K.L.:
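A single structure is presented below for examination.
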There are 2 protein chains.
Amino acid sequence: MNRIQTTGMELFYQNGYYNTSIDDILKALSLSKGAFYYHFQSKEEFFISISQTLLFRKVYIDLIAPIEGKEDPLNTILECLDNNLQIAENNFLDYGFILGNFITEFNGKNPEIMSYLQDILTVWEVNLVTILQKGKTDGYISRHIDSESLVSFIISSYMGIRTIMVESKNKRLRYNYIQQLRQYFKTMDLRTVV
Amino acid sequence: MNRIQTTGMELFYQNGYYNTSIDDILKALSLSKGAFYYHFQSKEEFFISISQTLLFRKVYIDLIAPIEGKEDPLNTILECLDNNLQIAENNFLDYGFILGNFITEFNGKNPEIMSYLQDILTVWEVNLVTILQKGKTDGYISRHIDSESLVSFIISSYMGIRTIMVESKNKRLRYNYIQQLRQYFKTMDLRTVV
DNA sequence: AGGGTAACAGACTTATAAGTCTGTTTACCA
DNA sequence: TGGTAAACAGACTTATAAGTCTGTTACCCT
């Protein structure tokens, strides 16, 4: 059952939800229809179960855990995003930011699934806002900064750069992006962004 | 034939390429299979024809033409992006940045279509770089700015904010985004970003 | 050991997709 | 006005999708 979810998420990520059939997933696992529909009611319910477990976990591990409870928010965020971009860069077959891809795919088509995806995004957002607010009280960040705005900006730019990096062979894309973000962060940092 | 392309682009935009059937398009137009396959060889060739005409034209009209040949690059870009975000915001049924959506959808699935989409993105990119370079010689922008990096950053953030704005009801998202971008631009402007 | 249930196999149904093909309409021009 | 070709109609084929259903295996507990 866990293997089905794992393979399902991989294939959905690679080929998209609508372009991946249950048979594709089962073929990759040498399983039968019976096995699948014993564990899951439908393709939709299957995807939702993946969202709430594997997808959420992945976003948490990759983007939330590395910044949780850390000091020096701006540098921490920079480092976290850079790590993720490096992994994507080194992965020959990268398909972009998985959460962003699904949001794009389900937008306007499946409100229920969209709400689950939006929830995950919100958790990330809230965590970023939290660490930034703490950074203010800890004297890392200028108090006149609007954390919500900054977080929207960070998330937007990260989603975008992941989309762009996918097909572009430009090896400086990651470096340039981080440089720009760092430059921007400097304007709101009370200490020094390294 | 032009109506077929127009309706095709609309439906592909709304529902995605793989999730839109030829029959869907023909039903919307009260046309038959014969009409479609008289004009187009296949669904793929149909989409490519749309990319090279309507899609390219849309990106050009919305994002390139408004900045072409203008003075004061940073403010011009800000205004252009803000306009597009306003239109998206006021459009009750917005489905995100159409070019970005297709790039996400075709990534890793159809290299040929991807290359056409990438071409459109490149045209936009080149135009942005050009106007920024001109802005340097005209004394609008600090010379130590790397135009390519800045352009990647602008495009990334725009693609991302469009994705996020789609399902979020937050009405300040656009305003905040533009504010952040303006703030960032101030650090590289030799005059005053209004 | 054997009974019972969880876990799975795989043929089957129904719907919908892309693309084909034959026949019909429409428009235009001599 | 009649003939010709462009433009279109729509039934048909083939493939593939999601989901169903009946039968079979594997395992666990007493």
Side-chain angles (χ1 to χ4, degrees), chain A residues 1-55 95 101-102 104-106 108-114 116-117, chain B residues 1-55 95 101-102 104-106 108-114 116-117:
Chain A
M1 175 166 173
N2 220 286
R3 285 173 61 227
I4 301 179
Q5 286 184 317
T6 304
T7 305
M9 186 166 84
E10 279 172 15
L11 292 182
F12 286 146
Y13 172 49
Q14 288 171 27
N15 310 318
Y17 175 81
Y18 292 108
N19 202 32
T20 303
S21 68
I22 304 298
D23 286 315
D24 290 338
I25 298 165
L26 295 172
K27 199 191 296 174
L29 289 164
S30 300
L31 281 176
S32 67
K33 278 276 174 74
F36 180 86
Y37 284 96
Y38 177 78
H39 291 291
F40 306 100
Q41 288 176 22
S42 67
K43 188 183 179 185
E44 183 175 345
E45 188 263 341
F46 173 58
F47 184 85
I48 292 173
S49 80
I50 290 178
S51 303
Q52 294 179 319
T53 57
L54 298 183
L55 182 59
Y95 296 92
N101 289 3
F102 286 142
T104 300
E105 184 169 12
F106 286 110
K109 290 163 217 165
N110 194 315
E112 190 188 354
I113 290 182
M114 271 304 284
Y116 289 109
L117 300 175
Chain B
M1 176 167 172
N2 218 287
R3 284 174 62 227
I4 301 178
Q5 286 184 318
T6 305
T7 305
M9 186 167 83
E10 278 173 15
L11 292 182
F12 285 147
Y13 173 48
Q14 288 171 26
N15 310 318
Y17 174 83
Y18 292 108
N19 202 32
T20 303
S21 68
I22 303 297
D23 286 316
D24 290 337
I25 298 165
L26 296 173
K27 198 190 297 172
L29 289 164
S30 300
L31 281 176
S32 67
K33 278 278 175 72
F36 181 86
Y37 283 97
Y38 177 77
H39 291 290
F40 306 100
Q41 289 177 20
S42 67
K43 188 183 179 185
E44 183 175 347
E45 188 264 339
F46 173 59
F47 185 85
I48 292 173
S49 80
I50 290 177
S51 302
Q52 295 179 317
T53 56
L54 298 183
L55 183 59
Y95 296 92
N101 289 3
F102 287 141
T104 301
E105 183 169 12
F106 287 110
K109 290 162 217 165
N110 194 314
E112 191 188 354
I113 291 182
M114 272 303 284
Y116 288 110
L117 300 175

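Below, chain A is the first sequence line, B the second, and so on; all start at residue 1. Predicted, not measured: the structure shown is a model, and the values here were computed from it.
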K.L.:
Is any side-chain N or O of B:S21 closer than 4.0 Å to OP1 or OP2 of C:dT16?
P.N.:
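It does not, given that no N or O in the side chain of B:S21 lies less than 4.0 Å from OP1 or OP2 of C:dT16.
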
K.L.:
Classify the ring geometry between B:F106 and B:F47 as parallel (under 30°), tilted (30 to 60°) or perpendicular (over 60°).
P.N.:
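It falls in the tilted class, 30° to 60°.
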
K.L.:
Give a yes-or-no answer on whether the side chains of B:T104 and A:E105 include a donor-acceptor pair shorter than 3.5 Å.
P.N.:
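No, no side-chain donor-acceptor pair sits under 3.5 Å.
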
K.L.:
To 10°, what angle do the rotation axes through the five end pairs on each side of the helix from C:dA1-D:dT30 to C:dA30-D:dT1 form?
P.N.:
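Result, rounded to 10 degrees: 0°.
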
K.L.:
Starting at atom CG of B:D23, determine the distance to atom C1' of D:dC12, rounded to an integer number of angstrom.
P.N.:
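One finds 13 Å between C1' of D:dC12 and CG of B:D23, rounded.
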
K.L.:
Show each protein N/O and nucleotides 20-28 of chain D N/O combination with a separation under 3.5 Å, one pair to a line.
P.N.:
none

K.L.:
Between atom CZ in A:F36 and atom C1' in C:dA7, what is the gap in whole Å?
P.N.:
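After rounding, the reported distance stands at 15 Å.
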
K.L.:
Atom CZ of B:R3 and atom P of D:dA7: how far apart are they, to the nearest Å?
P.N.:
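Between P of D:dA7 and CZ of B:R3: 15 Å.
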
K.L.:
Considering just the side-chain nitrogens and oxygens of B:H39, establish if one lies under 4.0 Å of OP1 or OP2 belonging to D:dC8.
P.N.:
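Yes, such a contact exists.
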
K.L.:
Considering only heavy atoms from C-beta outward, does the side chain of A:D23 approach that of A:K33 to under 4.5 Å?
P.N.:
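Yes - at least one pair of side-chain heavy atoms lies under 4.5 Å apart.
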
K.L.:
Check whether the ring centres of A:F102 and A:Y13 lie less than 6.0 Å apart, and answer yes or no.
P.N.:
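Ring centroids of A:F102 and A:Y13 are no less than 6.0 Å from each other.
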
K.L.:
Specify the separation, in whole Å, of atom CG of A:N19 and atom C1' of D:dA18.
P.N.:
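Answer to the nearest Å: 15 Å.
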
K.L.:
My understanding is that only one of B:F40, B:Y37, B:Y17, B:Y38 makes a ring pair (Phe, Tyr, Trp, His ring centres under 6.0 Å) with B:F46; could you say which?
P.N.:
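The ring pair (Phe, Tyr, Trp, His ring centres under 6.0 Å) with B:F46 is passed solely by B:F40 among B:F40, B:Y37, B:Y17, B:Y38.
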
K.L.:
Would you say the side-chain atoms of B:T7 pair up with the backbone N or O of B:I25, donor to acceptor, closer than 3.5 Å?
P.N.:
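Checked: no pair found.
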
K.L.:
Holding to side-chain hydrogen bond (donor to acceptor under 3.5 Å, both in side chains), I want the full list of residues that pass it with A:N110, two or more places apart in sequence or in another chain.
P.N.:
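Partners of A:N110 under the side-chain hydrogen bond (donor to acceptor under 3.5 Å, both in side chains) test: A:E44.
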
K.L.:
Select one nucleotide: of C:dA6, D:dA6, D:dA17, the one nearest the side-chain heavy atoms of B:Y38.
P.N.:
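Given the options C:dA6, D:dA6, D:dA17, the side chain of B:Y38 is closest to D:dA6.
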
K.L.:
Nearest of C:dA17, C:dA9, D:dC8 to any side-chain atom of B:A35?
P.N.:
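Nearest nucleotide to the side chain: D:dC8.
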
K.L.:
D:dG19 P sits how many Å from A:D24 CG, rounded?
P.N.:
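After rounding, the reported distance stands at 14 Å.
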
K.L.:
When you match B:S30 and A:Y17 each to their closest nucleotide on DNA chain D, which lands nearer the 5' end?
P.N.:
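Whichever sits nearer the 5' end wins; that is B:S30.
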
K.L.:
Grab the CG-P distance between A:L26 and D:dT16 for me, whole Å please.
P.N.:
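Value for this atom pair: 16 Å.
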
K.L.:
Atom CG of B:L31 and atom C1' of D:dA11: how far apart are they, to the nearest Å?
P.N.:
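Going from B:L31 (CG) to D:dA11 (C1'), I get 17 Å.
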
K.L.:
Looking only at heavy atoms, what is the nearest atom pair of A:G108 and B:Y95, with distance?
P.N.:
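Shortest heavy-atom contact: CA-CE2, 3.8 Å.
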
K.L.:
Testing the basics here: between B:S51 and B:L117, what is the closest heavy-atom pair and its distance to 0.1 Å?
P.N.:
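That would be OG-CD2, 4.2 Å.
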
K.L.:
Which nucleotide in the list D:dG19, C:dA9, C:dA7 gets nearest to the side chain of A:S32?
P.N.:
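The nucleotide sitting nearest to the side chain is C:dA9.
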
K.L.:
How many Å lie between CZ on A:F12 and P on D:dA17, as a whole number?
P.N.:
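Interatomic distance, CZ of A:F12 to P of D:dA17: 12 Å.
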
